Amino acid sequence: PVNPSEAQGAQIPLQSFTLPDFPPAARGLKALTLTCDIKVDEYQEILSKPYAVPDSIPFAIESLTLELFSLGYPPGFLNRLAERLPNLKSVVVYSQLFGGISKESQEDAVAFFKKLPNLRALHLLDVFAKPGFFEQIAPWVKYSASEDAGEARRGLMFLEVNYTFRHEDEDFMA
């Protein structure tokens with residue numbers, strides 16, 4: 001076992017969108033993985049409940065993985081997460097409808113990228129989104145020396161997009 005004050009990463013299974021408070025010993029964390037452990041039949045109801053992203057999330061986190069959030073996030077959750085993790089350089093999104101199921105949750109997902117000017121690597125693994133979503137995030141993940149996108153950005157250095165091929169779905173690539 002690793003002494004908590006020496007840990008570089010943490011994985012937290014979530015049964016709601018309330019993140020736990022982080023102890024002072026977690027200040028040195030560089031990587032955080034949030035894994036959805038929400039029951040499928042309760043997911044939609046939990047999306048409408050209040051969420052909590054505590055101020056105690058370590059400021060030093062540079063890498064965030066979000067996995068298995070099949071129906072996305074409650075509106076405002078991703079925005080708040082980005083505010084608490086301003087030093088993110090890498091985001092991995094795995095197996096989910098990232099923009100969620102509502103217009104508000106999709107707008108929140110776009111705002112998430114807007115608040116990450118230091119983002120250099122984005123990994124989208126089996127991620128689905130409503131039409132137009134990737135076009136909406138494009139100004140926030142590409143290089144911009146002007147104020148066109150709202151602020152100058154270095155942009156991504158690495159973008160990975162992977163899909164598991166599903167031959168039984170003829171409209172998959174659409």
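This is a predicted model, so every value here is computed, not measured.
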Next on the checklist: Test of understanding: clusters of I, L, V, M, F, W, Y form through side-chain heavy atoms closer than 4.5 Å, transitively. Do V141 and L125 belong to the same one?
Outcome noted: no

How about [X] and [Y]: do any of their side-chain heavy atoms sit closer than 4.5 Å?
{"X": "F112", "Y": "N79", "value": "no"}
{"X": "P20", "Y": "I12", "value": "yes"}
{"X": "S102", "Y": "P75", "value": "yes"}
{"X": "W140", "Y": "L116", "value": "no"}
{"X": "I101", "Y": "L47", "value": "yes"}

Using every non-hydrogen atom in the two residues, find where [X] and [Y] come nearest and quote the distance to one decimal.
{"X": "R120", "Y": "P117", "value": "NH1-O, 3.4 Å"}
{"X": "G99", "Y": "A109", "value": "CA-CB, 4.0 Å"}
{"X": "L68", "Y": "C36", "value": "O-CB, 3.2 Å"}
{"X": "P74", "Y": "D108", "value": "O-OD2, 3.7 Å"}
{"X": "N87", "Y": "F59", "value": "ND2-O, 2.9 Å"}
{"X": "Y43", "Y": "I38", "value": "CA-CG2, 3.7 Å"}

Checklist entry - Between the side chains of Q106 and Q136, does any donor sit under 3.5 Å from an acceptor? => result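 Short answer, yes.
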
Next on the checklist: Whether the S90 and E62 side chains hold a donor-acceptor pair (N or O, under 3.5 Å, no angle test) is what I'd like checked.
Outcome noted: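 No, E62 and S90 have no side-chain donor paired with an acceptor closer than 3.5 Å.
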
Checklist entry - Does the pair R80 and D55 meet the rule for a salt bridge (charged side-chain N to carboxylate O under 4.0 Å, His left out), with working shown? => result CA-CA 10 Å; R80 175 72 176 138; D55 290 342; 2.4 Å; yes

Checklist entry - Ring centroid separation for F17 and F69, is it under 6.0 angstrom? => result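 For F17 and F69, the ring centres are under 6.0 Å apart.
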
Item to check | Centroid-centroid distance, Y94 to H123, less than 6.0 Å | outcome: no

Can you tell me how far [atom2] of [Y] sits from [atom1] of [X], rounded to the nearest 0.5 angstrom?
{"X": "L124", "Y": "Q96", "atom1": "CG", "atom2": "CD", "answer": "9.5 Å"}
{"X": "E45", "Y": "S16", "atom1": "CD", "atom2": "OG", "answer": "12.0 Å"}
{"X": "L97", "Y": "K130", "atom1": "CG", "atom2": "NZ", "answer": "7.0 Å"}
{"X": "F113", "Y": "I137", "atom1": "CZ", "atom2": "CD1", "answer": "4.5 Å"}
{"X": "T33", "Y": "L66", "atom1": "OG1", "atom2": "CG", "answer": "8.5 Å"}
{"X": "F98", "Y": "F128", "atom1": "CZ", "atom2": "CZ", "answer": "14.5 Å"}

Checklist entry - Applying the side chain to side chain contact (heavy atoms under 4.5 Å, CB included) test to V91, which of L85, L119, T65, L156 qualifies? => result L119

Checklist outcome for this item: Which of N118, I61, L81, L32 passes side chain to side chain contact (heavy atoms under 4.5 Å, CB included) with L88? Answer is I61

Checklist entry - Does the pair L29 and Q8 meet the rule for a side chain to side chain contact (heavy atoms under 4.5 Å, CB included), with working shown? => result CA-CA 5 Å; L29 287 180; Q8 293 288 303; 5.9 Å; no

Next on the checklist: Between L64 and V92, is the side chain to side chain contact (heavy atoms under 4.5 Å, CB included) condition met? List the steps.
Outcome noted: CA-CA 6 Å; L64 175 67; V92 177; over 6 Å; no

Checklist entry - Please walk me through it: do Q11 and E67 pass side chain to side chain contact (heavy atoms under 4.5 Å, CB included)? => result CA-CA 10 Å; Q11 180 174 17; E67 54 186 22; 3.0 Å; yes

Checklist entry - Just by distance, do the side chain of S56 and the backbone of F22 share a donor-acceptor pair under 3.5 Å? => result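 Yes, S56 side chain to F22 backbone: donor-acceptor pair under 3.5 Å.
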
Next on the checklist: Counting only heavy atoms from other residues, nucleotides and ligands, does the tally under 6.0 Å from CD of E83 exceed 12?
Outcome noted: yes

